[in-house]
Trainee: 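Below: one structure in structure tokens.
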Amino acid sequence: MIDTPRPPADTLAMDANARARSQLDQLYAPPEEEILHRIRAIKQELGERVLILGHHYQREEVIAFADITGDSLKLAQQAAQTNAPNIIFCGVHFMAETADILTGDDQHVILPDPAAGCSMADMADEEQVARCWRELAEVINPDECVTPVTYINSTAALKAFCGRHGGIVCTSSNARRIMEWAWRRREKILFFPDQHLGENTAVAMGVPDKAMILWDPFQPLGGNQPEDIRRARLILWKGFCSVHQLFRPEHAEAMRREHPGIEILAHPECSRAVCETADFVGSTEAIIRHVSEAPAGSSFAIATELNLVNRLRIQHPDKPVYFLSPTICMCSTMFRTDPQHLYAALADIRDGRPGNRVTVPESDAGPARLALDRMLELG
Ligand code: 13P
Ligand code: SF4
């Protein structure tokens with residue numbers, strides 16, 4: 001018998017490492033035609049048993065599988081209307097929560113990667129908002145004179161808070177209409193968690209600076225004096241989107257110098273300085289419509305998430321589209337949903353054990369639904 005010499009120990013270790021690397025590569029590999037093919041096949045097999053909703057910030061290879069794409073408002077409206085027993089939400093956690101609140105108990109809402117959160121939504125929690133309400137009560141009677149308005153980018157608990165206190169939810173598409181409604185009911189608005197959407201909308205409505213105050217949840221009375229609170233018509237929570245805050249007005253100046261005639265489009269989560277310099281401010285859906293309806297040859301520099309801007313660039317080769325910032329502003333949590341996670345979510349449904357289900361307890365879902373229904377009625 002010929003004795004095969006054993007490879008030295010470090011070679012064995014290298015083989016083991018190479019094997020582990022190859023297994024990792026398989027797990028995290030960029031989407032292969034194989035996985036895309038499997039997604040197509042399972043989706044076809046499941047037919048009407050599954051509806052895939054995709055937010056505009058999703059990556060290309062995921063949005064390609066969405067039955068419906070949209071901004072936060074459109075996707076919430078679609079969730080409220082569907083009878084599909086399984087809804088895969090390619091978006092972030094608050095969106096899946098909203099869909100669960102608006103669908104029946106027998107419908108499953110699935111977030112392919114449960115770690116897909118939203119840093120802005122995390123900037124206001126139930127305890128902080130309840131404390132704010134108590135502190136306001138030291139100065140005014142908030143239940144009589146303040147309408148709480150939460151941006152849809154918030155936890156279900158905060159939507160429930162609004163439902164319990166005569167308040168409402170808004171999105172970046174309908175913030176103006178919602179704030180008009182809120183001010184018709186009570187003289188003041190407490191707007192959370194995004195300072196910028198509240199401020200930009202109020203500025204566009206002609207609300208003067210002296211009628212707005214900022215509420216810092218880490219300061220007593222939010223960092224305000226009692227007379228500031230009595231005077232204010234709009235109390236803005238000090239929260240922001242870590243992606244949209246990266247755009248600067250200097251970026252718009254540089255673009256205009258380099259591309260005379262270019263139109264600057266901005267999402268209202270950008271700072272006031274950026275929105276004031278922009279030619280058009282709107283939600284993701286409004287930005288898409290604006291670019292689509294513009295005549296060929298129009299050029300745009302856009303201040304919103306990178307995946308959407310890249311998609312617009314590809315879809316409109318006759319209209320030059322630029323990203324407003326010289327640095328990459330991408331929502332890393334939206335990016336978490338990849339074809340592998342989508343495939344796993346579909347396979348779990350096929351196998352009768354839907355995983356990563358998002359459920360909101362009825363104690364919050366009931367009052368949150370009230371605040372969402374008020375919004376959906378206003379459109
Ligand atoms: P819209 O989808 O309302 O435009 O909002 C963008 C966003 O940041 C979603 O998280
Ligand atoms: Fe949240 Fe900003 Fe990402 Fe939207 S883009 S999900 S607001 S972190």
Side-chain angles (χ1 to χ4, degrees), residues 53-59 62-63 66 68-79 89-99 111-124 149-155 158-159 169-179 191-198 200-201 237-247 265-271 274-275 278 280-291 302-312 323-325 327-337 358 372 375-376 379:
L53 299 178
H55 187 270
H56 294 307
Y57 293 165
Q58 291 290 299
R59 48 168 100 192
V62 168
I63 206 90
I68 299 171
T69 62
D71 66 355
S72 308
L73 178 63
K74 183 173 163 195
L75 295 176
Q77 289 166 333
Q78 294 297 325
F89 213 122
C90 297
V92 288
H93 191 263
F94 73 81
M95 297 180 176
E97 272 190 339
T98 302
L111 186 65
D113 184 341
C118 165
S119 53
M120 177 204 282
D122 294 339
M123 287 180 191
V149 177
T150 186
Y151 189 18
I152 198 164
N153 298 33
S154 57
T155 60
L158 292 194
K159 294 181 178 82
V169 178
C170 79
T171 75
S172 56
S173 274
N174 60 17
R176 184 180 183 131
R177 209 173 317 139
I178 300 295
M179 286 170 79
F191 191 99
F192 44 84
D194 185 21
Q195 172 193 340
H196 303 297
L197 176 63
N200 288 324
T201 310
W237 195 266
K238 198 176 175 186
F240 57 87
C241 165
S242 47
V243 179
H244 288 90
Q245 65 145 0
L246 297 170
F247 297 101
L265 316 184
H267 192 280
E269 286 174 15
C270 294
S271 70
V274 169
C275 290
F280 176 86
V281 178
S283 70
T284 51
E285 196 75 24
I287 289 174
I288 293 169
R289 207 176 316 120
H290 189 87
V291 173
I302 309 184
T304 196
E305 209 267 353
L306 185 64
N307 280 289
L308 172 57
V309 180
N310 277 344
R311 187 168 312 123
L312 285 169
F323 193 59
L324 185 70
S325 167
T327 53
I328 289 175
C329 311
M330 206 187 74
C331 180
S332 56
T333 49
M334 285 277 183
F335 196 69
R336 293 192 76 96
T337 305
V358 174
L372 280 162
M375 173 188 84
L376 293 173

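First listed ligand is number 1; within each ligand, the first listed atom is number 1.
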Trainee: Which of the numbered atoms in ligand 1 are under 4.0 angstrom from any heavy atom belonging to D71?
Mentor: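 Near D71, the atoms of ligand 1 are 1 (P), 2 (O), 4 (O).
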Trainee: If you count the atoms of ligand 1 from 1 in the order shown, which ones are under 4.0 Å from a heavy atom of S283?
Mentor: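 Numbered from 1, ligand 1 contributes 4 (O).
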Trainee: Tell me: protein heavy atom nearest atom 2 (O) of ligand 1, and distance?
Mentor: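 The closest heavy atom on the protein side is H55 NE2, 2.6 Å.
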Trainee: Among all protein non-hydrogen atoms, which one is nearest to atom 1 (Fe) of ligand 2, and what is the separation to 0.1 Å?
Mentor: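 Going by distance alone, atom 1 (Fe) of ligand 2 is nearest to C118 SG, 2.4 Å.
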Trainee: What is the nearest protein non-hydrogen atom to atom 2 (Fe) of ligand 2, stated with its residue, atom name and distance?
Mentor: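 Of the protein heavy atoms, C241 SG, 2.4 Å lies nearest.
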Trainee: List ligand 1 atoms under 4.0 Å from F94, heavy atoms only on the residue side.
Mentor: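 Here the atoms of ligand 1 in question are 10 (O).
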Trainee: With a cutoff of 4.0 Å, is N153 in contact with ligand 1, counting heavy atoms of the residue only?
Mentor: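 A heavy atom of N153 does come that close to ligand 1.
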Trainee: What I'd like to find out is whether the side chain of N153 reaches to under 4.5 Å of the side chain of E269, using heavy atoms alone.
Mentor: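 When only atoms from C-beta onward are counted, E269 and N153 do touch, with a gap below 4.5 Å.
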Trainee: Applying a 4.0 Å heavy-atom criterion (strictly less than), which segment of H267 is in contact with ligand 1: side chain, backbone, both, or neither?
Mentor: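 Looking at H267 and ligand 1, just side chain atoms fall under 4.0 Å.
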Trainee: Does H56 come within less than 4.0 Å of ligand 1, judged by its heavy atoms?
Mentor: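 Contact absent.
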Trainee: Is there a side-chain contact between L372 and M375 (heavy atoms, below 4.5 Å)?
Mentor: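 The answer is yes; the side chains approach within 4.5 Å.
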Trainee: Name the residue from T69, L73, L75 that meets the side-chain contact (heavy atoms from CB on, under 4.5 Å) definition with D71.
Mentor: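 That would be L73; it is the only one of T69, L73, L75 passing the side-chain contact (heavy atoms from CB on, under 4.5 Å) with D71.
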Trainee: Please work out, at 4.0 Å between heavy atoms, whether the side chain, the backbone, both, or neither of E305 comes within that distance of ligand 1.
Mentor: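 Neither part.
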Trainee: What atoms of ligand 2 come closer than 4.0 angstrom to any heavy atom of S119?
Mentor: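 By the 4.0 Å cutoff, the relevant atoms are 8 (S).
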Trainee: List ligand 1 atoms under 4.0 Å from T284, heavy atoms only on the residue side.
Mentor: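 Counting from 1, the qualifying ligand atoms are 1 (P), 2 (O), 4 (O).
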Trainee: Applying a heavy-atom cut-off of 4.0 Å, say which part of E305 lies close to ligand 2: side chain, backbone, both or neither.
Mentor: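 Contact part for E305 vs ligand 2: neither.
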Trainee: With backbone taken as N, CA, C and O and side chain as the heavy atoms from C-beta onward, which portion of M120 lies under 4.0 Å from ligand 1: side chain, backbone, both, or neither?
Mentor: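 Neither part.
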Trainee: Would you please indicate if the ring centroids of F94 and F89 are separated by under 6.0 Å?
Mentor: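 No, the ring centres sit 6.0 Å or more apart.
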Trainee: Give a yes/no answer: is there an N/O/S atom of C331 under 2.8 Å from atom 3 (Fe) of ligand 2?
Mentor: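 Yes, since at least one N, O or S atom of C331 sits under 2.8 Å from atom 3 (Fe) of ligand 2.
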Trainee: Given side chains that start at C-beta, do those of Q195 and F240 come closer than 4.5 Å, heavy atoms only?
Mentor: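 Heavy-atom side-chain distance check fails, nothing below 4.5 Å.
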Trainee: Would you compute the distance between atom CD1 of I152 and atom OG of S72 and round it to the nearest 0.5 angstrom?
Mentor: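 Answer for the CD1-OG pair, I152 versus S72, is 5.5 Å.
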Trainee: Is any side-chain heavy atom of L306 less than 4.5 Å from a side-chain heavy atom of C329?
Mentor: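 They are not in side-chain contact.
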Trainee: Which distance, rounded to the nearest 0.5 Å, do you find between the SG of C241 and the CG of L197?
Mentor: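 Interatomic distance, C241 SG to L197 CG, rounded to 0.5 Å: 11.0 Å.
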Trainee: For atom 8 (O) of ligand 1, find the nearest protein heavy atom and state the residue, atom name and distance (0.1 Å precision).
Mentor: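 The closest one turns out to be E269 OE2, 2.9 Å.
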Trainee: May I ask you to test the H55-M95 pair for a side-chain heavy-atom distance under 4.5 Å?
Mentor: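 Side chain of H55 against side chain of M95, heavy atoms only: contact under 4.5 Å found.
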Trainee: For a 4.5 angstrom cut-off between non-hydrogen side-chain atoms, does C170 reach T201?
Mentor: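 In short, these two side chains do not touch, never coming nearer than 4.5 Å.
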Trainee: Heavy atom under 4.0 Å from ligand 1: found in M95's side chain, backbone, both, or neither?
Mentor: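 Side chain only.
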Trainee: Indicate yes or no: at least one non-hydrogen side-chain atom of M334 is less than 4.5 angstrom from one of V92.
Mentor: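 Side-chain contact under 4.5 Å: yes.
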Trainee: Any side-chain heavy atom of V291 sitting closer than 4.5 Å to one from I302?
Mentor: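 Of all side-chain heavy-atom pairs linking I302 with V291, at least one is under 4.5 Å.
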Trainee: Just which atoms of ligand 1 are under 4.0 Å from any heavy atom in Y57?
Mentor: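 Atoms satisfying the 4.0 Å criterion: 6 (C), 7 (C), 8 (O).
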Trainee: Please write down residue, atom name and distance for the protein heavy atom closest to atom 4 (Fe) of ligand 2.
Mentor: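 Nearest protein contact, heavy atoms only, for atom 4 (Fe) of ligand 2 is N153 ND2, 4.0 Å.
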Trainee: Y151 heavy atoms, cut-off 4.0 Å: which ligand 1 atoms fall inside?
Mentor: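 Selected atoms, number and element: 5 (O).
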Trainee: For ligand 1, is there an N or O atom under 3.5 Å from any N or O atom of T171?
Mentor: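 The answer is no, given that T171 and ligand 1 share no N or O pair closer than 3.5 Å.
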Trainee: Do ligand 1 and S172 have nitrogen or oxygen atoms that lie under 3.5 Å from each other?
Mentor: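 Looking only at distances, the answer is yes, because the N/O contact criterion of under 3.5 Å is met.
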Trainee: Out of the candidates T337, T304, T333, T284, only one should pair with Y57 under the side-chain hydrogen bond (donor to acceptor under 3.5 Å, both in side chains) rule; please name it.
Mentor: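 Running side-chain hydrogen bond (donor to acceptor under 3.5 Å, both in side chains) over T337, T304, T333, T284 with Y57 returns exactly one hit, T304.
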